[in-house]
Amino acid sequence: MTATADAPATTSPDATNEPVTNEDDPDGDGDGAATPEGTFYDRFPAEARIVRATFLGAFLAFAIGTTFGIIQTLHRTGIARPFSSVDYYTFLTAHGVFLVLSFTIFFLVGVFTWALVRSLDRPLVNTRFSWAWYGLMAVGMTLTGITILAGFTSAVDLSADVLFTFYAPLQAHPLFYGGLAVFLVGTWLAGLDWWRTYLAWRRENPDERIPLQTFMVLTTTIMWYVATSALAISVLFFLLPWSLGLIETVNPTLTRTLFWFFGHPVVYFWLMPAYLLWYTVLPSIAGGRLFSDPLARVVFVLFLLLSTPVGIHHQYLDPGIAEGFKFVSMTNTMFLLLPSLLTAFTVVASVEYGARVRGGTGLFGWLRTLPWRDPAFTGMMLAGLMFAAGGYSGMVNAGMNINYLIHNTIWVPGHFHLTVGTAVALTFMAATYWLWPQITNKPIYSKQIGLAQVVLWFAGMALMSNAMHAQGLLGAPRRTAEPEYAGFEYGTAFGGFQELNVQIAIGGTILFASAVLFLSNVVLTMGNSRTDGLAETISEPISGPEDAPLVLDNIRLWGGIAVLLVLLAYALPIVAIIQRGGLFGPGGEAFPMVLDALSILVDRAPDAIALLTDRAVDALGGGRLGGWP
Amino acid sequence: MGTTDSEQTAAGLIEDPKSFDPKGTLALILVYFCILVTMWVYIYFVEFLGNDLIVVG
């Protein structure tokens with residue numbers, strides 16, 4: 001797509017032939033931006049290579065993660081079980097870690113690097129430092145990934161079938177935790193890289209407002225530092241020493257709580273690049289302009305403040321945490337709906353402006369004038385629509401009483417496949433169709449395939465996620481290789497259990513097909529030769545930063561309040577958990593994931609057979625089974 | 001913002017973007033709100049008619 005192909009004033013039936021210009025819109029196409037000077041690749045080639053490398057890392061993880069996804073889908077639903085059910089947990093761990101830690105975060109660091117450099121209009125301070133953090137992230141994730149994948153073979157004494165939450169007493173090989181720690185340090189250094197580039201820009205531009213995209217990057221980075229502090233403590237002080245045998249036990253409630261201290265903000269960490277793209281790129285693709293820069297800043301400040309002190313809402317069923325603390329967490333969580341609803345308004349209004357400029361009329365008729373044939377636009381809009389549905393199931397998760405209804409059921413994976421699995425993942429794929437030409441100067445191989453791909457993802461997820469929610473309401477558990485039980489039948493609602501299984505399997509297969517199309521399109525695009533004329537602009541907001549109160553840019557203030565809120569929400573629960581169970585736990589053995597399930601069976605089988613024989617003899621001799629345990 | 005529909009033309013919006021009044025957005029959000037309320041009420045029935053009461057505290 002060229003910069004002028006979608007120029008709204010020329011496509012609008014209502015627009016006059018005379019271009020209407022004003023000082024806010026130099027080329028008069030309604031987007032408030034001048035014709036672009038070149039792509040990101042033209043202007044910042046060194047940074048473009050870093051962004052491309054992060055995207056390729058993300059796509060590799062996506063390829064592995066989605067392959068495991070289809071295997072799990074067919075296994076769990078009983079359609080095809082070529083692998084052992086014991087291996088299911090290795091697949092599940094790999095699916096989780098590769099998709100929600102590797103795919104999302106590698107893509108995030110790429111988007112943030114692009115957005116920061118683009119919006120500051122200056123290069124990174126030192127790209128060698130950038131390659132260093134990229135290298136750390138890649139090495140860390142490779143170590144963690146290999147440890148997980150080694151779980152498929154008993155030839156090496158390595159495995160980490162602990163799922164992406166790595167709850168103790170499930171224990172992984174030390175390399176799993178070590179790799180995660182290295183990956184985490186890489187992300188911290190990436191944040192440092194963005195901050196120091198910003199500070200260098202600030203010295204050069206002491207009186208300028210922080211550009212919106214940079215503001216989004218900086219606030220999200222602070223949120224990440226706050227959130228990951230708990231994960232670092234959990235891994236470095238408890239889980240890693242424990243898996244190395246330096247300490248005997250850990251307090252599982254404490255490490256779980258520290259995980260969810262990190263685990264809720266991490267979902268916003270995944271979402272923030274999607275939000276950044278919705279706020280700044282999507283309106284431009286629609287031919288519109290961001291409705292309000294100040295509102296966008298308010299939303300990112302609210303996420304910085306509210307996304308961490310809510311993690312206990314993942315632990316409503318944990319017995320070691322008092323109900324009062326859970327209630328506080330629920331209240332904070334409900335406040336968190338505010339920035340999401342503000343986003344729904346701002347982003348849709350920005351797109352509506354584009355539609356009106358294109359000549360759209362009526363209460364809903366304007367929707368028809370939007371560029372639905374553009375995969376970047378359609379993908380992001382469908383992702384936003386799915387997020388609205390995920391918002392609903394999220395409200396059910398967040399309510400303490402109705403959470404009990406669906407806790408630990410497959411409803412929950414149904415929910416997060418709408419949020420991270422679609423709102424985030426589909427936005428990333430859609431954005432790739434727009435961003436990849438900017439960072440490589442190579443046009444997308446096929447936008448038609450791209451359009452089919454994003455629609456397929458939406459359709460597949462609608463089918464799979466809806467059926468997962470429905471099975472959850474029937475009580476089907478999550479994280480289970482074989483959710484069918486002898487002597488028990490699930491109730492019937494929205495179709496029977498098997499019918500819903502078929503929906504899940506078909507949905508999952510469509511999703512896998514969509515993933516293959518996406519990856520093939522990217523690979524074929526990489527084979528294209530570089531060309532000129534691909535530059536895209538990002539339009540100026542209707543209400544710009546000059547309308548935003550200066551205090552919004554005081555990131556130190558918001559960071560301070562965020563830390564204070566976290567202390568208020570977490571200090572008392574953590575003290576109570578430590579008082580009750582001790583810093584290193586009340587005792588209990590690890591369930592180490594480094595051992596081979598088969599060897600346990602072989603070790604214990606003689607005892608079990610002997611016991612069974614004794615009981616059988618007793619039963620035959622005594623004529624009763626009263627002694628059966 | 002006190003605009004009339006006649007001002008919300010493409011040319012009018014390009015000339016004065018701040019005259020834009022996102023009525024279509026309001027309509028979509030109201031539709032979403034109605035769906036949310038309906039589903040929320042529905043979940044109430046799923047919980048309270050399909051299962052025993054859950055008492056917190």
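Residue contact with chain B, scored on non-hydrogen atoms closer than 4.5 Å, involves the side chain of A:Leu367 exclusively. The contact between B:Leu28 and chain A is made by backbone and side chain atoms together, counting heavy-atom distances below 4.5 Å. The part of A:Phe364 that comes within reach of chain B is its side chain, from C-beta onward, which places non-hydrogen atoms under 4.5 angstrom from that chain. Looking at A:Asp547, only its side chain comes within 4.5 Å of chain B, counting heavy atoms on both sides.
The shortest side-chain heavy-atom distance between B:Pro22 and A:Phe291 falls under the 4.5 Å cut-off. For the pair A:Glu352/B:Phe20, a side-chain contact is recorded, criterion being any heavy-atom separation below 4.5 Å from C-beta on. Between B:Ile29 and A:Val348 there is no side-chain heavy-atom pair separated by less than 4.5 Å.
Ranked by heavy-atom pairs shorter than 4.5 Å toward chain B, the options A:Leu363, A:Ile406, A:Leu341 are led by A:Leu363.
Applying the 6.0 Å contact sphere to CD of A:Glu489 captures no more than 12 heavy atoms from other residues, nucleotides or ligands. Atom CZ of A:Phe345 has more than 12 neighbouring heavy atoms from other residues, nucleotides or ligands inside a 6.0 Å radius.
A:Arg356 has no carboxylate O lying under 4.0 Å from a charged side-chain N of B:Asp21, or vice versa, which leaves the two without a salt bridge.
Here the CH2-NZ distance, from A:Trp366 to B:Lys23, works out to 14.0 Å after rounding to the nearest 0.5 Å.
A:Tyr353 places no side-chain N or O within 3.5 Å of a backbone atom of B:Pro17 that could act as its donor or acceptor partner.
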